[in-house]
Structure formats: C-alpha cells, structure tokens
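Down below is the structure, laid out as structure tokens.
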Number of protein chains: 2
Amino acid sequence: MAKHLTNKSAVTIKDVANFANVAPSTVSKVLNNAGHLSDETRLRVQDAIRKLNYRPNSIARSLRKNHTRTIGMINNSHTNKNTFVLQLMVGVEEAASQEGFSVFLCNSSASQSKENEYLEVLLDKQVDGIIFLDNVVKERHLPAAHLSNVPLVFLNQYPQEALYPSVIPNDVQGAKLATDHLIALGHKRIGFINGRLKHKASHLRLEGYQAALKAAGLTFDSQLVQGKDIWDEEGGYLSVNDLMALTNPPTAIFCANDPLAIGALDGLRQLGLSVPDDIALIGFDNSLAAAQKRPALSSIEMPFLDMGKLAVKLLLESLEGKVSNTVHKLNCHLIQRSSCGAKMRSSF
Amino acid sequence: MAKHLTNKSAVTIKDVANFANVAPSTVSKVLNNAGHLSDETRLRVQDAIRKLNYRPNSIARSLRKNHTRTIGMINNSHTNKNTFVLQLMVGVEEAASQEGFSVFLCNSSASQSKENEYLEVLLDKQVDGIIFLDNVVKERHLPAAHLSNVPLVFLNQYPQEALYPSVIPNDVQGAKLATDHLIALGHKRIGFINGRLKHKASHLRLEGYQAALKAAGLTFDSQLVQGKDIWDEEGGYLSVNDLMALTNPPTAIFCANDPLAIGALDGLRQLGLSVPDDIALIGFDNSLAAAQKRPALSSIEMPFLDMGKLAVKLLLESLEGKVSNTVHKLNCHLIQRSSCGAKMRSSF
DNA sequence: TGTCCTTAAGAAATCGATTTCCTAATATTA
DNA sequence: TAATATTAGGAAATCGATTTCTTAAGGACA
C-alpha cells in the first residue's frame, strides 16, 4: 500500500507528554496557553516540544475545536489568460495567510454543476468560509451553502440579490479618475473609446467619463464617444480613426481598456500623430502590455489585490458573527506614465 | 463567540445509525463498501443517508485514515502580472480535483522564510504531497519536508539536484518548432531576437533556433542574432532595426518572447515593411497581446496546463510508492496566426 | 488548628469517523 | 449429525488533539 500515506509526522502529543513526564492534557494546556501551569512544568514541556520537534496535528485539532482555519475560494471565471484573476487570488491568499488561514483553490470553469460539486467538497472539508470569485451564478442557486451555516462572500461579482457581502471595483470612479487626469492636463475635447456594450463595465466607465466632464463644466459631445462593441486592439485602431476624422477631433482620448488604448496608439502613429505631443492617451486595466509600450501608456489600475484582501476581511467578520450584506466598491488608482504628457501640468 | 464556528453540518454518522437502527460501524461499512452487509440493511442505511442529507466529515475521516486527499502548492514566483503562473495553477488544480484531491494555494512571494512557514503549515495540515511552483530555492533547503515523508514535486523549475521529480517546458524544442515553421515556409535567412541573457530560457531558445538551422542545412550567421538583454517591446523594436540594417537582412524573424515580437512588429511597420508580406514574424509565449495584434502574431505556446497536470500525476505516483526523480520536459505547441503568412506553404 | 479557597496537574470524555475484534446465526461439509 | 466455515452486524478501540471534571496539595484566614 501507498508508502507515504502512513508514517507522516510520527511524534504526537502523547510522545511529548511521556518525554516531559506529564499528561497529554498538560501538554495541550501549554500549547493553548490555558489553565493553571507552574513555570517549571511549562518549561519542561516546552523543552520536550523543542527536543522532539513536535508540531500539533491540525486535523485532530480541527476535529475537536470544530473549525479548520481554512477557507475555500471558488473561481468561476473561464479566462486563464487574464491576470486579474491571479491578482484577486493572490490578494485573498495573502490576507488569509496573514490571519492564519489556509485557502483551498477551486476552479469551476464557470460551470454551475462543477461549482456545486466544489461547494460540497469544501463543506465536507469543513472550511470556515467560502469566497466566490467572479461568480456568474445567481446567489440563490447555492443550496448546500444555505443549508450549512458557512459564511460566504462574493468577489468581483455585481450582486443580484444582496444576501451576502460582496466586493467589486469602482469602475465609475476609475473612469472619472482617468478623465479628470486629462482635464487637469488642460484638455477640453476628450474622446472616449468604449468596449463590449453587453458588459456592465462599459456602461460604468462611460458613466465615469461623463461625470468627470460634467463636474468640470465641459459639455458632453456624443460624437466623441466611439467603439466597435469589442475590447481588443482592432477596436481601438478603428475607433481612433473615426475620432480623428471628426471636423473637431479630440486632443486627448480615454480608452475603456488597455488593448483598446494600444490599438489607438497604433492608429495614431499610422496617422502620423505623436503621443503624447499631439494627443494624450490613457487606458484602463494597467496591463503589463501597457507598461511595456513605447511610449508607456498611462492607465487605471483596478484594486484587485485589495479587493481580495477585503473579501477575506469581510469573511472573517461574518465568522465572528457580524452579519452584513453590504456591497463594497473599491477605488481604482491612476498610473501615470508618458502617454499623457504629464509635464503639461507645468504649462498651466 | 463566533456564531459560525459552531453548528455546521449537524448530522453525523451516529444520527444516520440511529435513524436506520444500526450501529455506526455498519453505516461506515456502507459508506466505504466494506465488510459483509445484507442488501436489506444496506438499502435501509442508504435511505437514511439520503433522508437526513448526511455527508461524512472529511476531517474525522482524515484523522482516522491518516491521509487528507489534499495537496499543497507553493508558488514562489513574484510576478502577479504573468498569466503563466495562473495556467500552471489551473492545471494543477484541475488534475487534482479530477483525482479527488483538493489543493491549498500558498504564495511565498519568492521569500525563503515564507516558503518555510508555508511548508510547516501544510505539513501541520497533513497534506498528502506538495508541489513547488516556479521555485527559486535550492532543493536541499527544505528541512521540514525532509524530516516528514511527504512527497514533493517541482514544477517549472530547472532542478539543481535531482532528488525529486520535476517538470519543465522544453524550450529548445519550442524554439526549434518556431524556426522549423519559418524554414518550412521557405525562409533561408532567419533572424533571432533574444531576451535577458541571465535567464536560462534565452540560451535554450537560441539553442533550439540553431538546432533547426543545422537540421535544415542552413549556416548559422551570428549577425542574425540580436538582442538588448531585455524581454520587453523596446528590445524588440531596437533589435529589429539592427537586423534590417544588415547588408543582407533576414526574410523572417523569430523572437524569444511575445513582447519582443510586438516591438519588432512596430519597428517593421515604422520601417515601412509589411508583416507577413515583406517579412515573417513569430514570437514565443502565446500571450493574449500576441493574439490581439493586427496582424495576429504566430507564437509558441508553452504547455503550462499540461505541466500542471503532469506534476499532479507524478505526485500521485510517489504517493503510491513509485520513487522517481526524473526531469520531465514537456513539448511546446505552434500557434499559427497570420504573421508568418502560412499561405506561403501552397507556393512551394 | 480546622475550614475554605486557590492552584497544579492528571483522568477521562469527546470530536466523528474507521477499523478491529467478537458473537450469533446460518450455511457447508464430512 | 457434528464439526467447521461463512456471514451479518454490533461493541469497543482508535486516530490526536481539546476540554471538562477531579483530586491532591498548599496557602489564607479566623
């Protein structure tokens, strides 16, 4: 039979007890800093623990204590090629480990049945809580979770019903941030290139763009909003041509994501226009590709790492009995690089 | 006290036993398909299980069975912005879950001390095995792991000492594949743009490029190998200019990664050269950005998903007692898009 | 000095399963 | 028919901790 399945960490609390000439319960008390112990025995036990290289078996401990200090993370996104999932995961893991929790990674590949299977496995494993990452499933389809009392939080999902806490990025604020930046640089005619319209993010980013215009007393010109209902470079390339063909073209362009901005940059170059000297350009996502472009593209960074951390914080709070079903929107950050010509600031 | 910490899945094997009027040991026997049971009691117990919605507590089971059907994955890379880590993780998770294993995600952020902490936590949690992902640590610095008998495998790490099985990509084969493709398309003067020379991948990809040339009877011209000791777009942009300034410039270029290829594409466009009509171009990594470029860049896909799966397979094999310390190199795949003008094939 | 309280530490129960061992009933064989 | 083997199912031990319950010893106080 499997050689490694047996015979793991051989030394148990009993061994320590024998070595230190005390009862197992006494060893447990020094481990948990509980009960009344004399300094002398405490030291003797600690010495035995060190000498025997003893580490308590978490499984046994969990069985008795009725918690595992473990959380499950079910990833429902199907994009293995987007780093934002990784950033969310890293955020979750980092915050969890800081609080002494381990995290189970599950990839449902956006399949409802797989998600339910994972849910049951996690529940069987007695996780203390579960985070749904980029979940596409409606909250009410969580039968197993409802039966048990395990706290849930939703990460990067616009909630359908507010039964559980959730954390999402503030797209509106991010888009406003980008537009404000261009306005602050002195631009008055600012173009907006949008992405896939069936995605909520498109509308939210347009909303932020419009909010910034309004706040600055600039009139909204619908001609300055272009898009090919797609998120990729070609969409940016095509749209920037539309924009520059206007009788009164923009002096700055905000793109709803980085590939669009990269496409726009290519298009502008083709038109013989220089970024940032002739026109300012800013993207959204802060992708690696944006940073590596020449000129390096300014962009909006979404707070994925912090979102992951907040999700854990909220989970731990429900664990402590705080009930909440709030939607938490986290702000984006402006990443200034050379594509907006930020030195314009000095020319005010 | 924490509301959710108690009171989880209330129904235990004892409840089922009571309901079905049998002993807990009998219920266990139907759960594990062991021992001698009459059909009648088996059915009665199964019915009770269904009626009570009973699911066995994995923690209790693990304690008794001395295995957890859980593996740990320690990620040592510090790049949250590269998708290859995500792909490796997804591969590991997918293969593990298929075999009924759950996986703990740990991010050491390339810190040796954090890695050791995670190692101990995982061992405390009684994982059945551990996968080191993109490990920068020398194998011999794994004290806790050596003491316990937990099997280890190294993923995406060039091993220092072959104490454990490891799986890595076949960079040489991948580079040869790219070069072979260009050769098959009729090219005889093929340029190579390399990346950071302190990275092993640079040398391996150069090696593959040279091997392909040699196999095709093409002479190696060192002038055709350029690079700025960097992996990003600017390196590609600069190098392609060097290449095209040659008295006898190449008709095709293989770049050691996709950002280099993207930079090269920009450079060629700037020079008034069309891809693929004037010159063929292929990258390495199969990044999202490469797919989204116009023209879409051909590239080499590294087998990260399969690498992750193989790592799990190897781990499970050690779990079953098969000792092995082999290095497994997995082949890369050619992703044909439009940047090489593959229709040239028909003009032979 | 006797009573009460506090402290130190061990014995035993417990968490929820699995596994070993045992007993009784039934079937098989000589 | 008697001896033996097989089957069904339960009792109890076990995994490795924690927790509750006890007991004994020592200290404080009247």
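Below, chain A is the first sequence line, B the second, and so on; all start at residue 1. Quick note: numbers below take in every heavy atom, side chains included, and nothing from hydrogens, waters or symmetry partners.
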**Prompt:** Counting N and O atoms only, with roles assigned by atom type, does the side chain of A:N116 sit under 3.5 Å from a partner on the main chain of A:S113, one being a donor and the other an acceptor?
**Reply:** no
Distance-only criterion, 3.5 Å: show the donor-acceptor pairs between side-chain atoms of residues 41-48 of chain B and protein atoms not counting sequence neighbours.
residue, atom, partner, partner atom, Å
B:T41, OG1, B:S38, O, 3.1
B:T41, OG1, B:S38, OG, 3.0
B:R44, NE, B:E40, OE2, 3.2
B:R44, NH1, B:A20, O, 2.3
B:D47, OD2, B:K51, NZ, 2.7

Mind listing the N/O atom pairs, protein and nucleotides 9-13 of chain D, below 3.5 Å?
residue, atom, partner, partner atom, Å
D:dG9, OP1, B:S38, OG, 3.2
D:dG9, OP2, B:S38, N, 2.8
D:dG9, OP2, B:S38, OG, 3.1
D:dG9, OP2, B:T41, OG1, 2.7
D:dG10, OP2, B:A23, N, 2.9
D:dG10, OP2, B:T26, OG1, 2.5
D:dG10, O6, B:K29, NZ, 2.8
D:dA11, N6, B:S25, OG, 3.2

**Complete:** From CD1 of A:I13 across to C1' of D:dT14 the rounded distance in Å is 16 Å
**Asked** In whole angstrom, what separates B:R55's CZ from C:dG16's P?
**Response** 17 Å
**Request:** Using five base pairs at each end, measure the axis-to-axis angle across the helix from C:dT1-D:dA30 to C:dA30-D:dT1 and round it to 10 degrees.
**Result:** 50°
**Complete:** Sequence neighbours excluded, the answer for salt bridge (Lys or Arg N to Asp or Glu O under 4.0 Å) partners of B:E117 is none
**Prompt:** Has B:N32 got a side-chain N or O lying under 4.0 Å from the OP1 or OP2 atom of C:dT18?
**Reply:** yes
**Item:** With sequence neighbours excluded, residues passing salt bridge (Lys or Arg N to Asp or Glu O under 4.0 Å) with A:K29
**Value:** none
**Asked** Tell me, which pairs form a side chain to side chain donor-acceptor pair (under 3.5 Å) where one or both residues lie in residues 85-103 of chain B, sequence neighbours left out?
**Response** A:Y118-B:E93, A:Y118-B:S97, A:K125-B:S102, B:T83-B:Q87, B:E94-B:K309
**Message:** Expressed as a whole number of angstroms, how long is the span from A:H67:NE2 to D:dT18:C1'?
**Reply:** 11 Å
**Request:** Select one nucleotide: of C:dT18, D:dG16, D:dT18, the one nearest the side-chain heavy atoms of B:L63.
**Result:** D:dG16
**Asked** Is the shortest side-chain N/O distance from A:T12 to OP1 or OP2 of D:dG16 below 4.0 Å?
**Response** no
**Prompt:** What integer distance in Å separates B:N33:CG from C:dT18:P?
**Reply:** 12 Å
**Prompt:** A:L52 CG to D:dG16 P: how many Å, rounded?
**Reply:** 15 Å
**Message:** Once ring pair (Phe, Tyr, Trp, His ring centres under 6.0 Å) is applied, what residue pairs with a partner in residues 89-111 of chain B remain, sequence neighbours excluded?
**Reply:** A:F104-B:F104
**Asked** Sequence neighbours excluded, which residues qualify as salt bridge (Lys or Arg N to Asp or Glu O under 4.0 Å) partners of B:D306?
**Response** none
**Request:** Starting from P on C:dC15, measure out to CG on B:D15 and report it in whole angstrom.
**Result:** 11 Å
**Prompt:** What pairs of residues pass the ring pair (Phe, Tyr, Trp, His ring centres under 6.0 Å) test when at least one of them lies in residues 16-56 of chain B, not counting sequence neighbours?
**Reply:** none
**Asked** Is there a side-chain contact between B:L133 and B:N156, using heavy atoms and a 4.5 Å cut-off?
**Response** no
